[in-house]
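Values in this document were obtained by computation on a predicted structure and should not be read as measured data.
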Amino acid sequence: MDDLEEEFPAAKSPSKKPHEPVAFDVYSENGEHPPQRWRTGGQTLSSFTGSVAGKDLEAEREMEGSMEWKDRIDKWKTKQEKRGNKLNPDDSDDDDDKNDDEYMLLAEARQPLWRKVPIPSSQINPYRIVIVLRLVVLCFFLKFRITTPATDAVPLWLASVVCELWFALSWILDQLPKWAPVTRETYLDRLALRYDREGEACRLAPIDFFVSTVDPLKEPPLITANTVLSILAADYPVDRTSCYVSDDGASMLLFDTLSETAEFARRWVPFCKKFAVEPRAPEFYFSQKMDYLKDKVQPTFVKERRAMKREYEEFKVRVNALVAKAQKKPEEGWVMQDGTPWPGNNTRDHPGMIQVYLGTQGALDVEGHELPRLVYVSREKRPGYDHHKKAGAMNALVRVSAVLTNAPFILNLDCDHYVNNSKAVREAMCFLMDPQLGRKLCYVQFPQRFDGIDSHDRYANRNVVFFDINMKGLDGIQGPVYVGTGCVFNRQALYGYDPPRPEKRPKMTCDCWPSWCCCCCCFGGGKQRRGKKDKSKGGGADSGDEPRRGLLGFYRKRSGKKDKLGGKKGGGLGKKHPRAFELEEIEEGLEGYEELERSSLMSQKSFEKRFGQSPVFIASTLVEDGGLPQGAAADPASLIKEAIHVISCGYEEKTEWGKEIGWIYGSVTEDILTGFKMHCRGWKSVYCTPARAAFKGSAPINLSDRLHQVLRWALGSVEIFMSRHCPLWYAYGGRLKWLERFAYTNTIVYPFTSIPLLAYCTIPAVCLLTGKFIIPTLNNLASIWFIALFLSIIATGVLELRWSGVSIEDWWRNEQFWVIGGVSAHLFAVFQGLLKVLGGVDTNFTVTSKAAADETDAFGELYLFKWTTLLVPPTTLIIINMVGIVAGVSDAVNNGYGSWGPLFGKLFFSFWVIVHLYPFLKGLMGRQNRTPTIVVLWSILLASIFSLVWVRIDPFIPKAKGPILKPCGVEC
């Protein structure tokens with residue numbers, strides 16, 4: 001390590017692969033070199049860590065470190081002189097200054113690309129103390145509730161205790177994963193110095209973008225076009241960027257829109273990169289309300305911006321014309337410009353389609369520069385096949401991209417999530433290209449941020465509590481969950497491989513003892529030797545990473561190059577069928593090789609059972625650092641044919657796609673399931689929160705659409721709970737950490753909280769109507785536990801807001817919508833999920849749109865009402881609690897002063913329910929405070945039925961025992 005020429009790959013040394021491990025020295029946060037630590041024997045201990053200590057070093061040690069650094073530079077200069085690289089004595093001063101600047105840049109590049117920023121102890125320690133105290137208080141409170149029944153209202157008391165026990169369990173599952181939250185900080189300048197230095201070949205890893213869409217009439221093509229434009233204009237090397245758009249609706253409208261988008265990108269991309277504008281989605285750039293001249297110094301900026309805005313408006317008109325044309329489909333179907341019928345006229349029965357718009361020869365921008373590749377993909381669909389919705393579409397993109405570009409990393413976005421930060425990919429690369437951490441990461445998740453939401457966020461659309469509190473807590477354990485968009489994947493993790501494990505040192509055995517002595521030791525050694533032998537056998541699809549690595553090693557040994565895959569001579573693709581290598585040729589070459597190599601190659605046959613019948617795709621999975629196998633790009637036409645083959649509807653049959661590979665099937669929330677499987681294998685994930693939001697999207701802001709969105713999420717959780725992948729019993733032999741398991745358990749059991757929540761919101765109204773209460777008369781000790789519990793709840797919330805930076809308004813909106821969604825969408829999801837899993841009945845709640853009162857302003861959709869059955873339970877709760885309040889107050893007025901004391905406790909709980917449901921009530925009233933008649937009728941009907949049944953049963957009136965006494969009619 002004393003030789004700086006070998007230490008710095010940029011200083012006259014061959015460039016290394018982006019993922020090749022490099023040794024790095026640790027630097028302090030201020031950029032100074034700390035004193036070296038010495039091993040026995042005088043060797044310098046150089047290591048790389050993601051977290052840099054934040055404590056300042058003493059002045060003397062800093063002085064020693066700087067002196068040692070100068071000594072190392074002098075030694076390097078001496079070696080260069082001995083090798084004949086002597087400096088010119090006339091220019092020695094200039095060269096010294098130049099070399100010193102170069103050394104400083106190289107030293108900066110050697111520093112970590114990221115660091116972990118723990119929460120200050122002054123904020124996190126009180127938070128943890130309050131959590132422990134709250135847990136203790138909760139135990140004593142539950143003990144009091146269980147041991148002190150309300151004798152005059154036993155059914156109400158029993159129901160309330162069961163609900164409180166469930167709430168306590170739910171709180172523990174939610175709270176424990178937030179024990180050690182962290183935030184992370186990246187250093188983009190160091191990434192550029194290490195992998196993208198000016199004047200040198202760029203060594204940043206390639207990346208494939210995935211954009212998924214289904215119905216262009218429900219998902220406006222203009223929004224999808226803006227997402228694609230923001231990707232093409234991202235601040236990343238164009239030769240290392242590819243964008244794949246999945247059209248699961250086989251729409252000619254989207255096909256034509258992408259053609260227009262590709263043409264407009266030839267002018268939009270150079271404009272963005274020339275003036276460094278943000279964001280790079282034109283719709284949102286031109287509509288933002290800010291001073292667009294800030295930090296702009298080029299004299300031509302204003303003129304070119306006006307011209308570009310005019311170009312974009314013309315582009316919008318052309319897209320709008322396409323949308324208007326698509327509203328009326330001709331009877332004979334759509335016809336393309338060359339006169340041939342559109343293959344996707346039948347959206348449920350059509351062949352696979354692939355169109356490459358950009359990235360080919362001649363596809364340059366107006367300034368003559370190359371543009372990123374843009375590919376349109378519509379997978380084949382035939383009747384009788386289960387296409388698995390979004391998860392199946394994403395797996396099709398994985399295979400197509402592997403055949404065409406095979407970037408080692410994949411970033412998936414929904415069609416309405418555009419790139420808001422052009423450096424977002426570089427932010428992710430600070431983790432994924434880290435020599436130590438990157439090899440263990442399955443994905444880097446970014447938080448979701450949204451545009452177009454009202455300032456008060458009435459229905460908690462921003463979901464700030466989840467993204468800024470829960471996800472940071474998970475980042476301190478094994479990593480955040482995958483939320484479906486804004487995530488950069490490691491392609492090898494999607495292929496179902498295990499993360500690399502550190503090699504364990506062999507056990508020390510003594511050869512001086514006979515073999516029949518020390519049975520335990522000898523047995524252990526034999527077991528170890530047998531383990532090595534078994535490991536050499538490969539095992540095909542079930543052997544994890546070993547067959548893949550063995551196969552790669554074999555080809556590297558034969559070819560003498562790192563990744564030369566292909567038949568006997570590494571010869572690439574054939575003319576008739578695009579094969580990277582033939583299995584028959586591999587078998588012919590088995591003779592003369594060791595058993596390890598032969599067994600690894602024989603396991604190649606099992607790859608087809610695992611990945612499908614595509615030699616090109618199988619070959620691409622063996623290239624760990626990405627890129628096509630050597631020779632694969634020689635025949636692009638054959639690659640397109642192979643790409644069409646891997647998106648056929650029968651390709652996944654009898655393979656592990658959707659089971660162990662790619663996006664996992666079995667739930668409408670495939671994102672949770674996919675991330676869970678990766679964490680079970682031992683992969684880690686990272687939560688990246690740059691100062692400028694990486695991606696932004698749109699969210700449903702009216703009440704009905706928001707509830708249906710929550711219904712879909714909750715339904716997916718119920719499906720996972722009823723499947724074999726339930727975190728309660730799945731993968732206990734894996735490497736999933738316990739706190740991470742608690743977090744995943746909470747994500748799939750939270751819909752079941754709706755049942756006790758509905759009962760708990762009904763109990764206050766019942767107490768007011770009957771005059772009973774769930775809590776008997778309190779003594780002093782019981783009052784202390786009640787007060788302590790409420791204070792601990794308040795303290796936990798305050799301290800949580802303190803370390804997370806979440807505002808109290810966002811926290812309160814989250815609490816309100818937890819109740820609103822719990823008694824509506826979550827409740828329906830539980831019953832719908834049970835019917836779907838147990839009875840095979842797939843029930844869908846459709847939304848019928850009605851005219852909005854006024855949609856001319858920015859938030860007109862907020863007041864748009866859409867009838868849905870999800871609105872009935874919350875409305876019924878509001879009505880019966882209001883009726884209960886009126887009945888309780890009337891009873892207290894009639895009975896006198898003594899009945900007001902017990903009434904306050906009942907009124908408190910009833911007001912608690914109404915206050916939490918207030919945003920729902922406000923959404924029902926709309927702009928003109930008019931509630932739809934159908935909602936009022938259904939709610940009054942249910943409330944009346946409930947009241948009449950309750951009066952008829954009347955369970956709290958004591959029943960008379962003994963003989964029935966009747967008046968005799970005689971005056972005694």
Side-chain angles (χ1 to χ4, degrees), residues 130-175 752-797 815 818-819 822-823 877 880-881 884-885 887-889 891-892 895-916 946 950 953-961:
V130 170
I131 290 176
V132 175
L133 292 178
R134 180 176 173 180
L135 186 61
V136 173
V137 171
L138 185 61
C139 292
F140 281 102
F141 170 78
L142 293 176
K143 178 184 176 182
F144 163 76
R145 293 284 288 120
I146 294 172
T147 57
T148 312
T151 55
D152 59 339
V154 174
L156 288 178
W157 166 81
L158 183 60
S160 63
V161 170
V162 172
C163 294
E164 289 164 1
L165 288 173
W166 180 268
F167 295 152
L169 177 62
S170 178
W171 173 77
I172 291 174
L173 291 176
D174 180 68
Q175 192 65 60
F752 295 94
T753 308
S754 60
I755 298 175
L757 182 61
L758 180 65
Y760 211 70
C761 291
T762 308
I763 287 175
V766 175
C767 292
L768 288 168
L769 290 172
T770 60
K772 309 299 180 181
F773 199 41
I774 59 176
I775 302 174
T777 304
L778 298 179
N779 53 29
N780 293 335
L781 182 60
S783 301
I784 292 176
W785 292 126
F786 268 92
I787 295 173
L789 180 61
F790 281 109
L791 291 178
S792 64
I793 292 174
I794 295 173
T796 305
E815 293 293 316
W818 175 74
V819 177
V823 298
L877 281 177
I880 63 173
N881 275 278
I885 291 175
V889 173
D891 183 70
N895 293 333
Y897 178 79
S899 59
W900 284 97
L903 179 64
F904 284 122
K906 305 172 189 177
L907 290 177
F908 173 80
F909 286 107
S910 192
F911 275 117
W912 178 88
V913 175
I914 295 176
V915 168
H916 278 77
F946 175 80
W950 188 269
I953 297 175
D954 213 354
F956 300 110
I957 295 180
K959 307 301 181 182
K961 297 181 180 180

Q: Name the orientation class of the two ring planes belonging to Phe909 and Phe773 (parallel below 30°, tilted from 30 to 60°, perpendicular beyond 60°).
A: tilted

Q: Before giving the answer on side-chain contact (heavy atoms from CB on, under 4.5 Å), spell out for Thr796 and Gln175 the whole-Å C-alpha distance, their side-chain angles and the decisive distance to 0.1 Å.
A: CA-CA 10 Å; Thr796 305; Gln175 192 65 60; 4.0 Å; yes

Q: Keeping Lys772 on the side-chain end and Val766 on the backbone end, is there a donor-acceptor pair under 3.5 Å?
A: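 Looks like no, no N/O pair under 3.5 Å.
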
Q: Go through it in stages, so that I can follow the logic: the residues are Ile880 and Leu769, the test is side-chain contact (heavy atoms from CB on, under 4.5 Å), and I'd like the CA-CA distance, side-chain angles, deciding distance and then a yes or no.
A: CA-CA 9 Å; Ile880 63 173; Leu769 290 172; 5.9 Å; no

Q: For residues Leu768 and Leu907, report the shortest heavy-atom separation together with the two atoms involved.
A: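 Nearest pair, atom of Leu768 first, then Leu907: CD2-CD2, 4.1 Å.
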
Q: How long is the straight-line distance from CD1 of Ile131 back to CD1 of Ile172, given to the nearest 0.5 Å?
A: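 Rounded to the nearest 0.5 Å, the CD1-CD1 separation comes to 11.5 Å.
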
Q: Can you tell if the side chain of Ile914 reaches within under 4.5 Å of the side chain of Ile885, non-hydrogen atoms only?
A: yes

Q: Nearest 0.5 Å, what's the CD1-OG1 distance between Ile775 and Thr148?
A: 10.0 Å

Q: Rounded to the nearest 0.5 Å, how far apart are CD1 of Ile763 and CG of Asn881?
A: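 Nearest 0.5 Å value for the CD1-CG distance: 11.0 Å.
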
Q: Any side-chain to backbone donor/acceptor pair from Trp157 onto Asp152? Under 3.5 Å, distance only.
A: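 Answer holds: no.
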
Q: In the structure I gave you, are the side-chain heavy atoms of Leu758 and Leu877 within less than 4.5 Å of one another anywhere?
A: yes

Q: Indicate yes or no: at least one non-hydrogen side-chain atom of Leu133 is less than 4.5 angstrom from one of Ser792.
A: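 Sidechains of Ser792 and Leu133: no contact.
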
Q: Do other residues, nucleotides or ligands put more than 12 heavy atoms under 6.0 Å from Phe167 CZ?
A: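 Count over threshold, so yes.
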
Q: Look up atom OG1 in Thr753 and atom CG in Leu169, then write down how far apart they are to the nearest 0.5 Å.
A: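 Taking OG1 in Thr753 and CG in Leu169, the distance rounds to 8.5 Å.
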
Q: Between Ile755 and Trp166, is a side-chain contact (heavy atoms from CB on, under 4.5 Å) present by the stated rule, with each step listed?
A: CA-CA 10 Å; Ile755 298 175; Trp166 180 268; over 6 Å; no

Q: Rounded to the nearest 0.5 Å, what's the gap from CD1 on Ile146 to CZ on Phe141? Could you check?
A: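 Rounded to the nearest 0.5 Å, the CD1-CZ separation comes out at 10.0 Å.
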
Q: If you compare all heavy atoms of Trp171 against all heavy atoms of Leu135, which two are closest, and at what distance to 0.1 Å?
A: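 Reported closest heavy-atom pair: CZ3-CD1, 4.0 Å.
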
Q: Could you give the distance from OG (Ser754) to CH2 (Trp818), rounded to the nearest 0.5 Å?
A: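 Atom-to-atom, Ser754:OG and Trp818:CH2 are 10.0 Å apart.
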
Q: Step by step, would you call Ile774 with Arg145 a side-chain contact (heavy atoms from CB on, under 4.5 Å)?
A: CA-CA 9 Å; Ile774 59 176; Arg145 293 284 288 120; 4.0 Å; yes

